[in-house]
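Below, chain A is the first sequence line, B the second, and so on; all start at residue 1. As the structure is a prediction and not an experimental result, all values here were calculated from the model.
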Number of protein chains: 4
Amino acid sequence: MLLQLDYKDSRPIYEQISDGCRKLILAGVLAPDEPMPSVRSMAMELSTNPNTVQKAYAELERQGVIYTVKGRGNFVSGDLKAPLGARKAELREKIAMLLKEADELGIDRNELLEGMVKK
Amino acid sequence: MLLQLDYKDSRPIYEQISDGCRKLILAGVLAPDEPMPSVRSMAMELSTNPNTVQKAYAELERQGVIYTVKGRGNFVSGDLKAPLGARKAELREKIAMLLKEADELGIDRNELLEGMVKK
Amino acid sequence: MLLQLDYKDSRPIYEQISDGCRKLILAGVLAPDEPMPSVRSMAMELSTNPNTVQKAYAELERQGVIYTVKGRGNFVSGDLKAPLGARKAELREKIAMLLKEADELGIDRNELLEGMVKK
Amino acid sequence: MLLQLDYKDSRPIYEQISDGCRKLILAGVLAPDEPMPSVRSMAMELSTNPNTVQKAYAELERQGVIYTVKGRGNFVSGDLKAPLGARKAELREKIAMLLKEADELGIDRNELLEGMVKK
DNA sequence: GTGGTCTAGACCACA
DNA sequence: GTGGTCTAGACCACA
């Protein structure tokens, strides 16, 4: 796995793990039905506690990004349309809030996005 | 003050207060050198702990948005150019990160910003 | 609180707690915006670990039955329509599955429900 | 066999197998004294662990649904009255519990069963 | 081997 | 005071 924990990050460790995995999975780096690293092995790799990884995986399962088979492990979800759509909606909402604040500060949206988006 | 606390907001109370005040001040709703509501009165108004308002004000002072005069209270900064510029840079950086994630998920930037920005 | 843990129950403790609380709340025993017992106090009362109660409360928050205010505690949700509706749908689905199995075994639905429902 | 495992099902694999087989047998799809698929072949067919199928068969034997002849295999019970009656009682009890919860939530039983039972 | 639950206890941010 | 995170470690069911 290509995950890197950052102790300066304000997000808790379990969230860095779930966010990182979700990103990799939704980006297609991990294929559907492929097994995730086991809770224990990922904990070893990241030098963290298995409970912390478990919490991250539980969140991913809740989001529909992975599924758990008892006694066998965790696997990348077969259908990622829903979680991908959900994430897209989240990104849109976050950007909308930031742009709204810019409006209130009198900052022009196009100026704020200068160089970030092709017109 | 036109502040409204939202307990479903994931941000802690003190941050909602400092974010809200900064927004109002940078948007020009509160004029430079005007006095801020006292810590006590704002705590009363928001039904929250004075320590919490204190923490919010400390953050605003750190950002240069307000200044404190011992024994007299807190006042809106006379020169808001620096904090306004800093906030603008923050907004840009946050949006950039969100757009980068969208790229990685294969979401087109223009599609993501659909209806949020005039072309 | 009127909660009783049952160690013979196959459900894990945290689920007994969340199920029990949800039942009490949705039944109207606890009023909206009333504070839940603190994580620590409920753990004491049930002679269980605070982490276990926390897990139960996290589940209730996810279901929209309670909301958490950092540093203040957990409170009964103000609007219980959604979780009540969700629970009703769950009950319907469970009953439907049981009735479907009865059909397959050749058991008449009306006979199975004998004495449980007024015609 | 017409069994289908569902990894999204919350029941463990062995229980899905025993539930599924019991359903087929009690519904008359498999005739009394007919041989069950061997543990090995069913494990192959379901791509699961033989231990898991073994556990499912043990459960079915305990319930009187099948019987085991050492060295020869597992066979559908000759007399299914007892297990059928037991299952019916189980279904009744489960439904009764769900209806009781509905009562406590103020949901009308007839409304909950809407469309599921002829009056 | 796998994940799931639970405990005891520490430490933190927040109000 | 409150909840949130994390660790270390035990024990269990399941495959």
Side-chain angles (χ1 to χ4, degrees), chain A residues 5 7 10-17 35-43 46-58 60-61 66-75, chain B residues 5 7 10-18 39 43 46-56 58-59, chain C residues 5 7 10-17 35-43 46-58 60-61 66-75, chain D residues 5 7 10-18 39 43 46-56 58-59:
Chain A
L5 294 186
Y7 285 96
S10 66
R11 289 173 302 168
I13 297 176
Y14 80 90
E15 203 174 316
Q16 291 184 42
I17 297 175
M36 298 288 290
S38 81
V39 169
R40 284 167 171 83
S41 68
M42 177 162 280
L46 299 177
S47 304
T48 190
N49 189 290
N51 285 337
T52 305
V53 177
Q54 180 119 32
K55 191 168 183 177
Y57 277 16
L60 290 172
E61 188 179 19
I66 65 176
Y67 61 91
T68 300
V69 185
K70 275 183 192 166
R72 299 231 282 185
N74 291 278
F75 302 83
Chain B
L5 295 184
Y7 289 130
S10 66
R11 290 173 301 169
I13 305 295
Y14 85 90
E15 202 174 318
Q16 291 185 43
I17 297 174
S18 62
V39 169
L46 299 176
S47 305
T48 192
N49 195 306
N51 291 339
T52 308
V53 178
Q54 184 59 54
K55 187 165 185 178
E59 175 64 12
Chain C
L5 294 184
Y7 285 97
S10 67
R11 290 173 302 169
I13 296 176
Y14 79 90
E15 203 174 316
Q16 291 185 42
I17 297 174
M36 297 288 290
S38 81
V39 169
R40 285 167 170 85
S41 68
M42 176 161 281
L46 299 177
S47 304
T48 190
N49 190 290
N51 286 338
T52 304
V53 177
Q54 180 119 34
K55 191 167 183 179
Y57 278 16
L60 289 172
E61 188 179 19
I66 65 176
Y67 62 91
T68 300
V69 185
K70 275 181 193 168
R72 300 230 283 184
N74 291 278
F75 300 84
Chain D
L5 295 184
Y7 290 130
S10 65
R11 291 172 300 170
I13 306 294
Y14 84 91
E15 202 174 318
Q16 291 185 43
I17 297 174
S18 61
V39 168
L46 299 177
S47 306
T48 192
N49 194 306
N51 291 338
T52 306
V53 178
Q54 184 60 54
K55 186 164 186 178
E59 176 64 11

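Closest to the side chain of A/Thr68, from the set E/dG4, E/dA15, F/dG3, is E/dG4. Out of E/dG4, F/dC6, F/dG3, the shortest distance to the side chain of C/Ser38 is found at F/dG3. Here E/dC14 is the nucleotide among E/dC14, F/dT5, F/dA15 with the atom lying nearest to any side-chain atom of B/Lys55. The side chain of A/Thr48 has F/dC6 as its nearest neighbour among F/dA8, F/dC6, F/dT2. Comparing F/dA8, F/dT2, E/dA15 by their nearest atom to the side chain of A/Asn51 picks out F/dA8. Residue C/Thr52 places its side chain closer to E/dT7 than to any other of E/dA15, F/dA15, E/dT7. The side chain of A/Pro12 lies closest to F/dC6 when the candidates are F/dA15, F/dC6, E/dT7. Closest approach to the C/Gln54 side chain among E/dC6, F/dC14, F/dG3 is made by F/dG3 (side chain taken as heavy atoms from C-beta onward).
One finds no side-chain N or O of A/Tyr14 lying less than 4.0 angstrom from the OP1 or OP2 phosphate oxygen of F/dC6. In this model, the phosphate group of F/dG3 is approached by a side-chain N or O of C/Asn74 to a distance below 4.0 Å at OP1 or OP2.
Side-chain contact between A/Thr68 and A/Tyr57 is absent, with no heavy-atom pair separated by less than 4.5 Å. In this structure the side chain of C/Ile17 never reaches within 4.5 angstrom of the side chain of C/Leu60, judged on heavy atoms.
Between C/Lys70 atom NZ and F/dG3 atom C1' the separation is 9 Å, expressed in whole Å. Residue C/Tyr67 contributes atom OH, which lies 17 Å from atom P of F/dT2 at whole-angstrom precision. What separates CD of A/Gln16 from P of F/dT5 is a distance of 12 Å, to the nearest Å. For the pair B/Leu46 CG and E/dC14 C1', the interatomic distance rounds to 16 Å; values are reported in whole Å. When rounded to the nearest whole Å, the span between CD of B/Glu59 and C1' of E/dA13 equals 14 Å. Rounded to whole Å, atom P of E/dG3 lies 13 Å from atom CG of A/Leu60. Nucleotide E/dC11 holds its P atom 16 Å from the CG atom of A/Asn49, rounded to whole Å. In this structure, A/Arg40 atom CZ and F/dA8 atom P are separated by 15 Å, rounded to whole Å.
Here the CD atom belonging to C/Glu61 is positioned 10.0 Å from the CD atom belonging to C/Gln54, to the nearest 0.5 angstrom. Rounding to the nearest 0.5 Å places CG of A/Leu5 at 9.5 Å from CZ of A/Arg11.
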Determine, step by step, whether A/Ile66 and A/Phe75 satisfy the side chain to side chain contact (heavy atoms under 4.5 Å, CB included) criterion, reporting the C-alpha distance in whole Å, the side-chain angles of both residues, the deciding distance to 0.1 Å, and the verdict. CA-CA 5 Å; A/Ile66 65 176; A/Phe75 302 83; over 6 Å; no
Worked check of side chain to side chain contact (heavy atoms under 4.5 Å, CB included) between A/Ile13 and A/Tyr7: CA-CA 8 Å; A/Ile13 297 176; A/Tyr7 285 96; 3.6 Å; yes
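Residues satisfying the side-chain contact (heavy atoms from CB on, under 4.5 Å) criterion with B/Asn49, sequence neighbours excluded, are B/Asn51, B/Thr52.
With DNA chain F read from its 5' end, the first of the two nearest nucleotides for C/Gly71 and A/Glu15 is the one closest to C/Gly71. Of the residues near DNA chain E, A/Glu61 and B/Arg11, the one whose nearest nucleotide (by heavy atom distance) lies more toward the 5' end is A/Glu61.
Between the side chain of D/Glu59 and the main chain of D/Glu15, no donor-acceptor pair closer than 3.5 Å is present.
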Note, DNA chain F 5' to 3' with Watson-Crick or G-U pairs under 3.5 Å encoded as ( ), [ ], | and . gives ||||||||||||||.
